[in-house]
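Single-structure report; data block below.
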Amino acid sequence: MSPNLWKRAKQQRLFAELQGFWRENIWDMRNSPVKAGLTLVARQRYLYFECKFQAINNELKYACWKKFSEGGWRTTATSTLVHRLIKWLNTLNSPPSSFMSQSFESWRAGYTSYLKSCGMYNQGTTKRVDAQQCQRVSPRDSSYIGTLRQLFFILDKAYDDRPEQEKDVWDLRRMAIPVSLSLSDSTLNFSSIQQRWLRKAAKAYLQYCLAIYADGTCRTRLQSITCFSEFLSQERPKATAKAITRMLLLKYLSYLPQRLNIATRKGNVINVRTFLEVAARERWLPIGSKRMIYDEEVPQPPKPQPRYIPSAVLDQLNRHLGNMKAPWVQMVLILQECGMRLSELLGLALDCLTQDARGTSYLRFMQGKMKREHTIPVSQEIARVIQEQQQSVRRSRPSSTILFPNPRGKVFKQSTFTQRINHLAYKHEIRDANGKLFRFQSHQFRHTVGTRMINLGVPHHFIQRYLGHLGPEMTSRYAHIHGATMKEKLSEYLQGTLVDVTGKTLHESGPLDTGDLQWFTRNVLAQALTNGYCAIPIIAGPCPHPNACLNCAHFRTDISFLEAHKSELRETDRVIAKATANGWARQIEMNERKRNNLVNIITSLERAHA
């Protein structure tokens with residue numbers, strides 16, 4: 001933070017935000033306004049703000065208020081860490097006017113020296129499975145230093161009241177930009193772009209992109225511009241925008257192989273070219289509008305290798321899945337069937353499940369990458385998994401609006417899911433065909449679902465619709481994997497009028513009334529009956545009318561079963577004739593009702609398709 005951003009008037013405005021309980025110098029956390037999700041530790045329930053420097057004392061209160069009220073701290077055990085920080089501050093000779101009076105590194109160095117002198121500087125360790133599926137032990141800074149860092153940067157953000165676009169690090173949440181809550185990073189960082197003129201143009205370009213693309217796409221484009229900035233610093237350290245010529249960009253193309261692999265290079269070159277062309281068009285940079293990188297110069301990586309999970313690996317995963325705790329098991333099961341992106345799974349709404357007139361369950365979710373709602377059919381088994389999770393959340397977190405809340409009631413991070421499933425693979429030695437420990441990536445589940453559909457002979461445009469691809473290019477990647485297994489003849493959905501047991505026509509509407517979704521219902525998900533569909537809600541349990549579907553209000557059928565109904569009508573007439581001859585009144589009564597329903601069904605279907 002620039003020193004000229006700190007002003008005493010700003011400091012006073014921060015202090016004025018402290019009201020009631022939070023203004024006191026002693027906090028009894030039993031009486032705290034924040035009670036939900038806060039664990040009270042009996043011996044650590046008090047916070048004593050006794051720093052002898054009043055301004056610093058108030059800043060500490062402000063930062064601690066933010067940590068508790070925003071859910072960053074969920075236990076009063078942190079009071080010990082705050083008290084130790086205050087004890088050190090009281091040993092300082094000259095009174096600082098603010099935490100902003102020096103950099104974090106300066107504060108950290110002084111506090112670290114103090115902790116070591118007291119024998120209290122203890123670094124922790126973190127165990128994790130790395131990208132090579134090996135367990136690594138990494139050092140973790142002292143929790144005392146961690147507390148200092150948290151409080152310092154809360155104050156740093158509070159004092160910096162410039163518009164977000166003027167900063168070198170944009171917090172997209174402050175800009176009201178939708179971000180993936182399952183990612184830890186919700187910022188765009190321009191500080192590594194060393195040329196001021198390039199940084200200014202990059203900010204204008206990214207502000208333009210944020211209105212069109214998802215935050216992840218914008219972050220990737222910024223990374224490409226940052227890479228270009230590094231090249232300029234190395235090749236032409238004093239270059240201005242006028243130095244960007246075709247000759248310079250050809251040198252950049254030669255520079256990239258030293259820096260990036262070929263798959264990443266393609267995206268980088270396209271991103272830089274697009275940035276320069278938009279910057280020229282919008283006059284953000286004084287360069288010509290003529291294209292300086294041609295299509296044939298864009299690196300072309302080899303065709304992507306299959307990324308699906310081998311069936312032998314999936315079998316091992318499913319055998320050991322019981323060793324994971326809820327809700328991780330439910331997440332893996334949903335990914336295996338639905339092939340959604342991990343960010344979409346983690347952000348599922350609590351009321352994500354719905355049913356159509358046939359009783360088929362559908363999963364509704366937001367596709368963050370496309371910024372639109374998407375709906376796909378799911379099997380009864382997955383519907384039950386979701387319903388069990390819904391019931392669990394409603395019991396434990398009645399106020400939650402998401403299906404998989406973390407212990408703080410927020411969205412789980414993608415990195416947490418990746419660590420959980422790969423720790424399971426490491427612990428139970430899940431291996432591929434070559435005997436190598438398998439490294440799970442969440443997107444592999446998506447590729448696996450696409451590959452399975454190709455093998456089942458599902459048409460490309462249905463796979464495209466199911467996976468939510470905007471165009472056929474991405475879907476073709478799955479077709480390339482198993483194109484030889486495509487069947488010559490593909491099933492088609494037999495569209496027709498849907499009627500119930502009385503012959504009444506049922507109309508579907510909304511997002512479930514689409515041919516592609518119903519195609520999956522009929523061809524990918526199992527059919528419940530030989531002469532129609534059962535629409536009884538799954539949550540209602542097993543069917544209460546065994547072998548009596550034609551007398552059941554939950555029965556549904558359409559024109560594709562017409563011949564089966566006519567055949568059953570003939571058989572029912574024969575049974576009624578025999579029952580009449582023998583005087584079986586009960587048999588006559590039951591079968592007359594069945595016959596009337598059959599006549600109504602046949603009449604309605606024939607009339608609708610005349």
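All figures in this text were calculated on a predicted structure; none of them were measured in a lab. Index from 1, following the sequence.
The closest side-chain heavy-atom distance from S186 to D171 is below 4.5 Å. At least one side-chain heavy atom of C352 sits less than 4.5 Å from a side-chain heavy atom of L403. Side-chain contact check for T416 versus K413: some heavy-atom pair is nearer than 4.5 Å. N597 places none of its side-chain heavy atoms less than 4.5 Å from the side chain of K594. Side-chain contact between H443 and R341 is present, with at least one heavy-atom pair separated by less than 4.5 Å. I382 has its side chain within reach of I334: a pair of non-hydrogen atoms, C-beta onward, lies under 4.5 Å apart. Within the 4.5 Å cutoff, side-chain heavy atoms of L345 are placed close to those of L335. Within the 4.5 Å cutoff, side-chain heavy atoms of L363 are placed close to those of M340.
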For side-chain contact (heavy atoms from CB on, under 4.5 Å), just list the numbers for R219 and L172, CA-CA rounded to whole Å, side-chain angles, deciding distance to a tenth of an Å, and then say yes or no.
CA-CA 11 Å; R219 197 169 288 110; L172 299 182; 4.0 Å; yes
Might you work through the side-chain contact (heavy atoms from CB on, under 4.5 Å) test for L276 and L249, ending with a clear yes or no?
CA-CA 11 Å; L276 293 176; L249 290 175; 3.8 Å; yes
Applying side-chain contact (heavy atoms from CB on, under 4.5 Å) to Q414 and S343, what does each step give before you reach the verdict?
CA-CA 7 Å; Q414 295 183 34; S343 59; 3.5 Å; yes
Show, in sequence, the C-alpha distance, side-chain angles and deciding distance for L253 and Y255, and conclude whether the side-chain contact (heavy atoms from CB on, under 4.5 Å) test is met.
CA-CA 5 Å; L253 295 179; Y255 161 83; over 6 Å; no
Kindly indicate, with the supporting measurements, whether the criterion salt bridge (charged side-chain N to carboxylate O under 4.0 Å, His left out) is fulfilled by E606 and K566.
CA-CA 11 Å; E606 288 182 333; K566 287 183 176 179; 2.9 Å; yes
Test side-chain hydrogen bond (donor to acceptor under 3.5 Å, both in side chains) on R307 and Q444 and set out the steps.
CA-CA 6 Å; R307 291 184 62 196; Q444 291 170 325; over 6 Å; no
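With R265 contributing its side chain and L256 its backbone, the two residues share no donor-acceptor pair below 3.5 Å. Counting only distance, with no hydrogens or angles, the side chain of E373 and the backbone of M366 share no donor-acceptor pair below 3.5 Å. A side-chain donor-acceptor contact under 3.5 Å links N323 to the backbone of H320. Of the possible polar contacts, none joining the T360 side chain to the D356 backbone as a donor-acceptor pair under 3.5 Å is found. Put simply, the side chain of S392 never gets that close to the backbone of E388: no donor and acceptor are under 3.5 Å apart. Between the side chain of N422 and the main chain of A425, no donor-acceptor pair closer than 3.5 Å is present. Put simply, the side chain of T264 never gets that close to the backbone of L260: no donor and acceptor are under 3.5 Å apart. Remark: side-chain polar atoms of Q419 are paired, donor with acceptor, to backbone N or O of V129 under 3.5 angstrom. Remark: the backbone N or O of Q132 is paired with a side-chain donor or acceptor of D130 at under 3.5 angstrom.
Judged purely by distance below 3.5 Å, without hydrogens or angles, the side chains of S379 and E337 pair a donor atom with an acceptor atom. Neither side chain, N189 nor T187, offers a donor N or O lying under 3.5 Å from an acceptor on the other.
Ring pair F365/H374 is perpendicular by interplanar angle, where above 60° counts as perpendicular and below 30° as parallel.
Here the shortest heavy-atom pairing between G71 and R408 reads O-CD, 3.4 Å. The two residues S224 and N271 make their nearest non-hydrogen contact at OG-ND2, 3.1 Å. Of all heavy-atom pairs between L605 and T557, the closest is CD1-CG2, 4.4 Å. Between S400 and L350, the closest heavy-atom pair is O-CD2, 3.6 Å. Smallest separation of non-hydrogen atoms from P327 and F412: CG-CE1, 4.1 Å. Of all the heavy atoms in S229 and S192, the pair that sits closest is OG-O, 4.0 Å.
Considering CG of N318 and OG of S311, their distance stands at 11.0 Å, rounded to 0.5 Å. Taken from CG in L188 to CG in L210, the straight-line distance is 5.5 Å, to the nearest 0.5 Å. Residue Y426 holds its OH atom at 4.5 Å from CD of Q135, rounded to the nearest 0.5 Å. Summarising the geometry, atom CG belonging to L314 is positioned 9.5 Å from atom CD1 belonging to I430; distances are rounded to the nearest 0.5 Å. Here the straight-line distance linking atom CZ of R452 with atom NE2 of H447 works out to 14.0 Å at 0.5 Å rounding. The structure places CZ of R128 at 12.0 Å from SG of C134, a figure rounded to the nearest 0.5 Å.
Taking the charged nitrogens against the carboxylate oxygens, R173 and D215 have no contact shorter than 4.0 Å, which rules out a salt bridge.
Between W328 and F404, the gap from one ring centroid to the other reaches at least 6.0 Å. Ring pair Y252/F228: centre-to-centre distance below 6.0 Å.
For the salt bridge (Lys or Arg N to Asp or Glu O under 4.0 Å) test, residues two or more places apart in sequence or in another chain that qualify with E429 are R431.
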